[in-house]
Amino acid sequence: MRLDNMLLAEGVSGPEKRGRGGPAAIAATSGGCPNDNSIEHSDYRAKLSQIRQIYHSELEKYEQACSEFTTHVMNLLREQSRTRPISPKEIERMVNIIHGKFSTIQMQLKQSTCEAVMILRSRFLDARRKRRNFSKQATEVLNEYFYSHLSNPYPSEEAKEELAKKGGITVSQVSNWFGNKRIRYKKNMGKFQEEANIYAAKTAVDATNVVAQGNQASSPPTPNSGEYRKAVFKMELVFSATE
DNA sequence: TTGCATGATTCCTG
DNA sequence: CAGGAATCATGCAA
């Protein structure tokens, strides 16, 4: 009966439900707007419900066939009972045999449904972790923003959307990228120096704007606000630069 | 095949 | 909940 449990867990059998607690729900963790994966997820859900539908219609078909066949056999037995005596035991035995046959067929159906679900999952959900490097365009856009806002590399939600659109990636990918970039840049600035120079030369424009804005915003940097962290980031940069 | 680069995930903090 | 830090897993050049 493990198959039953699995199908139930996958939402194939049992009542209709959306958004299970499985890996599908994890996709939107840090800085992840759930909408980012909605395309993928709706696709996944569509396929799952397709499997579900097939499973249920097949199941129904089998059940119907089973009962039809049973009544058919019963009729035959009744016919035969005219020519020879048939005990109720014998009838019961026949019925049991028929039900046994159909239940093995059902088992096979469940098994193949399970397989289909597994394949679907590996296709969609595990693909999450399949890493693809961003396009040149995307990294270009992201780096440009990062190095031109080096004093405050924290794009606003709007800026992230803009970058996402320009780079052809999702907003949460932008968030991931900036998260990785900040930490890795801070870890060893030396490695990024060349890159920094390239992009600084490219757009040495609004640095002053950002500084002005940053100063204005951080005038009362409440320890709890994001401004506080940003200020810390700046200071740490200054410290590591003087070493 | 190996080592590093890099995108994604997880855990934790304020 | 956004971001930092550590870690995982893959891509890719050497």
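The structure presented is a predicted model; accordingly, all values stated were derived computationally and were not measured. Chain A is the first sequence line, chain B the second, and so forth, proteins listed ahead of strands; every chain is numbered from 1.
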Discussion item. If you define the side chain from C-beta out and look only at heavy atoms, does anything of A:Asn133 sit under 4.5 Å from A:Thr139?
Written reply: no
Practice prompt. Round to the nearest Å and state the distance from A:Glu158 atom CD to C:dA2 atom P.
Written response: 13 Å
Discussion item. I'd like to know whether the aromatic ring centres of A:Tyr185 and A:Phe146 sit less than 6.0 Å apart in this structure.
Written reply: yes
Worksheet item: Rounded to whole angstrom units, what separation is found between the NZ atom of A:Lys186 and the C1' atom of C:dG3?
Response: 10 Å
Fill in: N/O donor-acceptor pair, side chain A:Asn133 with base B:dA5, under 3.5 angstrom
no
Worksheet item: Under 4.0 Å between a side-chain N/O of A:Lys187 and OP1 or OP2 of C:dA6, yes or no?
Response: yes
Worksheet item: For residues 101-111 of chain A, which residue pairs qualify under side chain to side chain donor-acceptor pair (under 3.5 Å), counting only residues two or more places apart or in two chains?
Response: A:Asp4-A:Lys110
Practice prompt. Measure from NZ on A:Lys191 to C1' on B:dC4 and round the result to the nearest Å.
Written response: 8 Å
Discussion item. Using OP1 and OP2 only, check whether a side-chain N or O of A:Tyr185 sits under 4.0 Å from B:dA5.
Written reply: no
Item to complete: Round to the nearest Å and state the distance from A:Leu142 atom CG to B:dA5 atom P.
Response: 19 Å
Worksheet item: B:dG7 phosphate, OP1 or OP2: any side-chain N/O from A:Gln173 under 4.0 angstrom?
Response: no
Fill in: A:Phe178 CZ to B:dG7 P, straight-line distance once rounded to whole Å
12 Å
Practice prompt. Pick base, sugar-phosphate or nothing for A:Arg184, based on heavy-atom distances below 4.0 Å to the nucleic acid.
Written response: base
Practice prompt. Starting from P on B:dT9, measure out to CH2 on A:Trp177 and report it in whole angstrom.
Written response: 18 Å
Worksheet item: Hey, does the side chain of A:Arg132 come within less than 4.0 Å of C:dT10's phosphate (OP1/OP2), counting only N and O?
Response: no
Worksheet item: Between C:dA5 atom P and A:Asn180 atom CG, what is the distance in whole Å?
Response: 12 Å
Worksheet item: Does any N or O in the side chain of A:Gln173 come within less than 3.5 Å of the main-chain N or O of A:Thr170, such that one atom is a donor and the other an acceptor?
Response: yes
Residues 68-81 of chain A side chain polar contacts: donor-acceptor under 3.5 Å, at least two apart:
{"unit_1": "A:Glu68", "atom_1": "OE2", "unit_2": "A:Gln64", "atom_2": "NE2", "d": "3.4"}
{"unit_1": "A:Thr70", "atom_1": "OG1", "unit_2": "A:Cys66", "atom_2": "O", "d": "2.6"}
{"unit_1": "A:Thr71", "atom_1": "OG1", "unit_2": "A:Ser67", "atom_2": "O", "d": "3.3"}
{"unit_1": "A:Thr71", "atom_1": "OG1", "unit_2": "A:Glu68", "atom_2": "O", "d": "2.7"}
{"unit_1": "A:Asn75", "atom_1": "OD1", "unit_2": "A:Arg78", "atom_2": "NH1", "d": "3.4"}
{"unit_1": "A:Asn75", "atom_1": "ND2", "unit_2": "A:Thr71", "atom_2": "O", "d": "3.4"}
{"unit_1": "A:Gln80", "atom_1": "OE1", "unit_2": "A:Arg84", "atom_2": "NE", "d": "3.3"}
{"unit_1": "A:Gln80", "atom_1": "OE1", "unit_2": "A:Arg84", "atom_2": "NH2", "d": "2.9"}
{"unit_1": "A:Ser81", "atom_1": "OG", "unit_2": "A:Arg78", "atom_2": "O", "d": "2.5"}

Practice prompt. Describe the nucleic acid contact of A:Lys160 in one word from base, sugar-phosphate, nothing, applying a heavy-atom distance below 4.0 Å.
Written response: sugar-phosphate
Fill in: Euclidean distance, atom CD1 of residue A:Ile183 to atom P of C:dA5 [Å, nearest integer]
3 Å
